[in-house]
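To keep things clear, I will list the structure first and then write my remarks on it.
All values derive from a computational prediction rather than experimental measurement.
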Amino acid sequence: MSCDYFALAAPGVRILQPYQPGKPESELRREYGLSDIVKLASNENPLGPSPKALAAVEDALGQLARYPDGNGFELKAALSARLGAPMAALTLGNGSNDVLELVARAFLTSEHEAVFSEHAFAVYPIVTQAIGATARIAKANPPDHEMPYGHDLDAMRARVNERTRVIFIANPNNPTGTWLKTAALEGFLKAVPESVIVVLDEAYFEYVEPAMDCPNALRWLDRFPNLVVTRTFSKAYGLAGLRVGYAVSSPPVADLLNRVREPFNVNSLALVAATAALEDEAHLARGKAVNRDGLARLTVFCRQRGLAWLPSAGNFLCVEVGRPGREVFLELLKRGVITRPVDNYGLPRFLRISIGTEAENARLLDALGDVLDG
Ligand SMILES: *Cc1c(COP(=O)(O)O)cnc(C)c1O
């Protein structure tokens, strides 16, 4: 008789819903026999990484037999100089996803609770439940709000109690694209007890425009020792495949995160690529310009088609397609365009579309127009 491993699994693991990644291009090629595929499903940088990062990777290939620097000295030194934070405030991760997990491992137990919003990034419930902690989900803003379906900070605060150890906030948020403005977020940080770790996930920070009033949370680190700001090289820096991200926090919190960190969690190619990518500000600026143009083009299309969309401070747009988003997603697949349905985020009539190159955006708009007409 075979053993019931499901029954043996930790209770938090039994209730986990596996993360649903964007559909890989290779999968669509296999399933549909298509060759000319456009992937706008995972908010990757359509320009790819900086050529300087690629050159650094090539240079490092000869050292692959060696373990990476487990402390990531060079990358931390570069980040420290760039961000104006001490190296002791930094925790490197295998993607910022890894850092989110480190926060859960360091601060949550089965006795504790984590607070996050409806329609928030899918990794928050995963890391919370995997550790056996309880997720407290706050209602999001109503559809007629200035930031529809975005985080409602009052609702989040109302979920905080003596068992709360962590609050996860994505700013801007994925998949909605909505953001929290400076004064509101600062007021929230002041109101939350110091004993609660507040994670501000800034995966899309580099795309934020000054006029949006979406804050750089690093400015608050001196005042709020419970604040953990996470960033990534996966989005604007175009290094999603290498997996590297980081947290900036007070040094005592960073010390705890680093204790639970796997000793060599960031590989040697990721370390050198990220260090080089940080220096290439011109590449970053090109990516932002492409994103700005692409977002503008997509919103013009939506307006012409009478489709509603959510305000976005990121490199993607969440569009209300007027029918089940998954249907439109499947129709677009047949036309070789991969987008992201967000029904699993509680947004069944929306489709999340990443911004691509000018040519990729044109393909998307052609295909989407075709689907909407058909
Ligand atoms: C993409 C994303 C991340 C980062 O993922 P990594 O590749 O693990 O760095 C983190 N938070 C949000 C909200 C994201 O959308």
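- Partner Thr230 forms a side chain to side chain contact (heavy atoms under 4.5 Å, CB included) with one of Val103, Leu102, Leu200, Asp201 and no other, that one being Asp201.
- Asn291 places no side-chain N or O within donor-acceptor distance of the main-chain N or O of Tyr207, the cut-off being under 3.5 Å.
- The aromatic ring centroids of Phe121 and Tyr345 lie 6.0 Å or more from each other.
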- Item | Leu317 and Leu295: CA distance, side-chain angles, deciding distance, side chain to side chain contact (heavy atoms under 4.5 Å, CB included) verdict | CA-CA 7 Å; Leu317 198 68; Leu295 262 179; 3.9 Å; yes
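- Residue-environment remark: CD (Glu31) exceeds the threshold of 12 foreign heavy atoms within 6.0 Å.
- Of the possible polar contacts, one joining the Ser250 side chain to the Pro225 backbone as a donor-acceptor pair under 3.5 Å is found.
- The backbone N or O of Phe316 lies less than 3.5 Å from a partner atom in the side chain of Ser312, making a donor-acceptor pair.
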- Message: Go through it in stages, so that I can follow the logic: the residues are Arg231 and Glu202, the test is salt bridge (charged side-chain N to carboxylate O under 4.0 Å, His left out), and I'd like the CA-CA distance, side-chain angles, deciding distance and then a yes or no.
- Response: CA-CA 5 Å; Arg231 302 245 178 109; Glu202 296 189 337; 2.8 Å; yes
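- For the atom pair CG (Leu239) and OG (Ser50), the distance works out to 8.5 Å, reported to the nearest 0.5 Å.
- Expressed to the nearest 0.5 Å, how far NZ of Lys288 lies from CG of Asn315 amounts to 12.0 Å.
- Within a 6.0 Å radius of CD in Glu194, no more than 12 heavy atoms belonging to other residues, nucleotides or ligands are found.
- In this structure, Phe205 is not a member of the same hydrophobic cluster as Leu90, with clusters built from ILVMFWY side-chain heavy atoms closer than 4.5 Å.
- Once rounded to the nearest 0.5 Å, the distance linking CZ of Arg159 with OG1 of Thr164 reads 10.0 Å.
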- Item | Criterion side chain to side chain contact (heavy atoms under 4.5 Å, CB included) on Thr91 and Tyr246, from CA distance to verdict | CA-CA 5 Å; Thr91 307; Tyr246 58 95; over 6 Å; no
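- Here the CG atom belonging to Leu351 is positioned 10.5 Å from the CZ atom belonging to Arg340, to the nearest 0.5 angstrom.
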- Task: Evaluate the side-chain hydrogen bond (donor to acceptor under 3.5 Å, both in side chains) criterion for residues Asn174 and Arg352: first the C-alpha distance (whole Å), next the side-chain angles of each, then the deciding distance (0.1 Å), finally the verdict.
- Result: CA-CA 9 Å; Asn174 168 22; Arg352 195 194 69 192; 2.6 Å; yes
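- Using modelled atom types, no side-chain atom of Thr357 and backbone atom of Pro46 make a donor-acceptor pair closer than 3.5 Å.
- Within the 4.5 Å cutoff, the side chain of Phe188 has heavy atoms near those of the Arg157 side chain.
- Partners of Asp59 according to the side-chain hydrogen bond (donor to acceptor under 3.5 Å, both in side chains) rule, which considers only residues two or more places apart in sequence or in another chain, do not exist here.
- A heavy-atom distance below 4.5 Å is not found between the side chains of His151 and Phe116.
- A continuous path of Ile, Leu, Val, Met, Phe, Trp and Tyr side chains, each step under 4.5 Å between heavy atoms, connects Val321 with Phe329, placing both in one hydrophobic cluster.
- Looking only at side-chain heavy atoms (C-beta outward), Leu347 and His119 come within less than 4.5 Å of each other.
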- Message: For Lys181 and Asp213: C-alpha separation, side-chain torsions, deciding distance, then whether salt bridge (charged side-chain N to carboxylate O under 4.0 Å, His left out) applies.
- Response: CA-CA 5 Å; Lys181 296 189 176 168; Asp213 188 26; 5.8 Å; no
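- The closest side-chain donor-acceptor pair between Glu113 and Asn161 falls under 3.5 angstrom.
- One distance of note links CG of Leu242 with CG of Asn94; it measures 10.0 Å at 0.5 Å rounding.
- With hydrogens and angles left out, the side-chain atoms of Asn216 and Arg219 include no donor and acceptor closer than 3.5 Å.
- Distance SG/Cys318 to OH/Tyr149: 9.5 Å, rounded to 0.5 Å.
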- side chain to side chain contact (heavy atoms under 4.5 Å, CB included) between Trp220 and Thr182: does it pass, once the steps are laid out? CA-CA 11 Å; Trp220 291 317; Thr182 309; 3.9 Å; yes
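- Within the 4.5 Å cutoff, side-chain heavy atoms of Pro311 are placed close to those of Trp179.
- Dense packing is recorded around OH of Tyr32, with more than 12 heavy atoms of other residues, nucleotides or ligands lying under 6.0 Å away.
- For the pair Asn45/Tyr237, no side-chain contact is recorded, criterion being any heavy-atom separation below 4.5 Å from C-beta on.
- In this structure, Ile15 is not a member of the same hydrophobic cluster as Val115, with clusters built from ILVMFWY side-chain heavy atoms closer than 4.5 Å.
- Between Val199 and Val99 the shortest side-chain heavy-atom distance does not fall below 4.5 Å.
- Checked by atom type, the side-chain pair Ser234/Arg243 shows a donor-acceptor distance below 3.5 Å.
- A salt bridge between Glu331 and Arg323 is absent, with no side-chain N of the basic residue lying under 4.0 Å from a carboxylate O of the acidic one.
- Under a hydrophobic-cluster definition in which Ile, Leu, Val, Met, Phe, Trp and Tyr are linked whenever side-chain heavy atoms come within less than 4.5 Å, directly or via other members, Ile37 and Leu364 are assigned to the same cluster.
- With contacts defined as side-chain heavy-atom distances shorter than 4.5 Å, the pair Arg82/Leu79 does not qualify.
- Of the residues Asp98, Val266, Asn267, the one that meets the side chain to side chain contact (heavy atoms under 4.5 Å, CB included) test with Val244 is Val266.
- Ion pairing between a basic and an acidic side chain is recognised when a charged N comes within 4.0 Å of a carboxylate O; Arg297 and Asp293 show no such pairing.
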- Step by step, work out the salt bridge (charged side-chain N to carboxylate O under 4.0 Å, His left out) result for Arg165 and Glu111. CA-CA 10 Å; Arg165 279 284 190 281; Glu111 323 261 275; over 6 Å; no
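- Within the structure, no pair that satisfies the ring-ring contact (aromatic ring centres under 6.0 Å, His included) test touches residues 266-290, not counting sequence neighbours.
- Neither Phe73 nor Leu269 shares a network with the other; the hydrophobic side chains, linked directly or stepwise wherever heavy atoms of I, L, V, M, F, W or Y lie under 4.5 Å apart, form separate groups for each.
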- Task: Take Thr128 and Phe168 through the side chain to side chain contact (heavy atoms under 4.5 Å, CB included) test and state the conclusion after the steps.
- Result: CA-CA 10 Å; Thr128 299; Phe168 290 107; 3.7 Å; yes
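- Around CD of Glu27, the count of heavy atoms belonging to other residues, nucleotides or ligands within 6.0 Å exceeds 12.
- Not one N or O on the side chain of Arg30 forms a donor-acceptor pair closer than 3.5 Å with the backbone of Glu25.
- Within the 3.5 Å criterion, the main-chain N or O of Asp366 finds no donor-acceptor partner in the side chain of Asp370.
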- Query: Hey, mind stepping through Glu118 and Lys139 against salt bridge (charged side-chain N to carboxylate O under 4.0 Å, His left out) and telling me if it holds?
  - Reply: CA-CA 6 Å; Glu118 273 186 303; Lys139 274 261 168 248; 3.5 Å; yes
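- Tyr204 and Asn173 share no side-chain donor-acceptor pair at under 3.5 Å.
- Side-chain contact between Leu8 and Cys3 is present, with heavy atoms from C-beta onward closer than 4.5 Å.
- When Arg335, Arg363, Arg29 are each tested for a salt bridge (charged side-chain N to carboxylate O under 4.0 Å, His left out) with Asp36, only one passes: Arg363.
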